[in-house]
**Q** 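I have a structure here, written as structure tokens, and I will follow up with some questions on it.
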Amino acid sequence: MNLIETPYLLTEKEKHIQKVLKLDNVFISNIQLKIGEEIPEHDSKKEVIIAVRKGAVAFMVEGEEVIVTEENVLHMDPLEMHSLKAVEDTDLLVIQVTP
């Protein structure tokens with residue numbers, strides 16, 4: 001067992017990205033954004049799962065906007081182009097899985 005701390009740091013600084021865990025086929029990172037902060041369009045060669053721990057973030061995935069909150073989870077296939085913008089101060093986990 002490995003319990004990994006991911007403290008909420010938005011009060012200390014803006015846009016925080018931190019590696020949380022790397023295994024053979026899984027990479028998890030923590031992203032914290034203040035309202036209005038964005039990450040420009042990009043893709044991933046891996047499957048991506050987004051789990052919001054706090055707040056809300058607007059994802060533009062292949063031209064379609066979806067709002068991801070604590071009440072849902074976003075799954076993206078490899079190579080889907082996406083960008084994101086924090087609708088509220090947001091703390092989320094990005095889980096990348098090698099297909």
Side-chain angles (χ1 to χ4, degrees):
M1 178 172 63
N2 189 8
L3 182 63
I4 301 163
E5 297 291 328
T6 56
Y8 189 67
L9 301 172
L10 280 181
T11 56
E12 297 176 19
K13 61 181 180 179
E14 297 178 0
K15 194 186 288 185
H16 175 76
I17 301 173
Q18 171 188 350
K19 172 185 167 185
V20 175
L21 178 66
K22 182 171 182 359
L23 302 172
D24 289 341
N25 66 333
V26 176
F27 180 79
I28 302 173
S29 56
N30 175 236
I31 299 177
Q32 297 174 10
L33 302 170
K34 288 188 178 275
I35 187 170
E37 287 187 316
E38 301 179 46
I39 295 180
E41 187 174 54
H42 61 284
D43 68 2
S44 173
K45 293 179 179 159
K46 302 177 180 184
E47 289 195 54
V48 178
I49 300 161
I50 305 296
V52 172
R53 300 184 330 152
K54 178 182 179 192
V57 64
F59 270 80
M60 185 65 70
V61 182
E62 296 288 328
E64 181 179 343
E65 185 178 74
V66 294
I67 304 296
V68 186
T69 68
E70 301 154 3
E71 298 175 358
N72 53 34
V73 173
L74 174 63
H75 171 260
M76 291 177 283
D77 291 323
L79 303 178
E80 282 192 301
M81 295 299 294
H82 60 279
S83 61
L84 55 142
K85 181 177 182 177
V87 177
E88 302 173 3
D89 287 353
T90 303
D91 180 350
L92 61 90
L93 292 177
V94 178
I95 304 158
Q96 295 178 315
V97 181
T98 303

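Given the structure is predicted, the values throughout are model-derived calculations rather than measurements.
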**Q** Which pair of heavy atoms, one from Leu74 and one from Val68, lies closest together, and at what distance?
**A**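 Minimum heavy-atom separation between Leu74 and Val68: CB-CG2, 3.8 Å.
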
**Q** Between atom CG of Leu21 and atom CD1 of Ile28, what is the distance when rounded to the nearest 0.5 Å?
**A**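 Between atom CG of Leu21 and atom CD1 of Ile28 there are 5.0 Å.
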
**Q** Out of curiosity, Gln96 CD to Asn25 CG, how far, rounded to the nearest 0.5 Å?
**A**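 So the gap between those two atoms works out to 12.0 Å.
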
**Q** Show which residues join Met60 in its hydrophobic cluster (side-chain heavy-atom contacts under 4.5 Å, direct or indirect), or state none.
**A**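 In the cluster with Met60 there is nothing else; it is isolated.
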
**Q** Within this structure, what is the NZ-CD1 distance for the pair Lys85 and Ile39, rounded to the nearest 0.5 Å?
**A** 13.0 Å

**Q** Does any part of the side chain of Val66, heavy atoms only, come nearer than 4.5 Å to the side chain of Asn72, both counted from C-beta?
**A** no

**Q** Quick one: do Ile31 and Val94 satisfy side-chain contact (heavy atoms from CB on, under 4.5 Å)? Show the steps, please.
**A** CA-CA 7 Å; Ile31 299 177; Val94 178; 3.7 Å; yes

**Q** Indicate yes or no: at least one non-hydrogen side-chain atom of Lys45 is less than 4.5 angstrom from one of Leu79.
**A** yes

**Q** Quick one: side chain to side chain contact (heavy atoms under 4.5 Å, CB included) partners of Lys19, sequence neighbours excluded?
**A**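 Partners of Lys19 under the side chain to side chain contact (heavy atoms under 4.5 Å, CB included) test: Lys22, Phe27.
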
**Q** What distance do Thr98 atom OG1 and Glu47 atom CD have between them, rounded to the nearest 0.5 Å?
**A** 9.5 Å

**Q** Other hydrophobic cluster members with Ile67, side-chain heavy atoms of Ile/Leu/Val/Met/Phe/Trp/Tyr under 4.5 Å, chained?
**A**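 When side chains under 4.5 Å apart are linked, the cluster holding Ile67 also contains Val87.
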
**Q** Show the nearest heavy-atom pair for residues Glu88 and Gly55, with the distance to one decimal.
**A**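 For Glu88 versus Gly55, the nearest heavy atoms are OE1-CA, 3.4 Å.
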
**Q** Return the minimal non-hydrogen interatomic distance between Pro99 and Pro78, and the atom names on each side.
**A**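 Looking at all heavy atoms of both residues, the shortest contact is CG-CG, 3.9 Å.
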
**Q** Can you pull out every ring pair (Phe, Tyr, Trp, His ring centres under 6.0 Å) where at least one residue sits in residues 41-82? Sequence neighbours excluded, please.
**A**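 Counting only pairs at least two positions apart or across chains, the ring pair (Phe, Tyr, Trp, His ring centres under 6.0 Å) contacts touching residues 41-82 are His42-His82.
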
**Q** Can you list everything that forms a side chain to side chain contact (heavy atoms under 4.5 Å, CB included) with Glu70? Sequence neighbours excluded, please.
**A**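 Per chain and number, Glu70 pairs via side chain to side chain contact (heavy atoms under 4.5 Å, CB included) with Val52, Lys54.
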
**Q** Are Ile35 and Leu92 linked, directly or through intermediate hydrophobic residues, by side-chain heavy-atom contacts shorter than 4.5 Å (ILVMFWY only)?
**A**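 Different clusters: Leu92 never reaches Ile35 through Ile, Leu, Val, Met, Phe, Trp or Tyr contacts under 4.5 Å.
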
**Q** Please identify each residue that fulfils side chain to side chain contact (heavy atoms under 4.5 Å, CB included) with Glu62, with sequence neighbours left out.
**A** Glu80, Met81

**Q** Measure across Thr69 and Ala56 and return the closest heavy-atom pair with its distance rounded to 0.1 Å.
**A** CG2-CB, 3.9 Å

**Q** Between Val97 and Lys46, is any pair of side-chain heavy atoms under 4.5 Å apart?
**A**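 Not in contact.
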
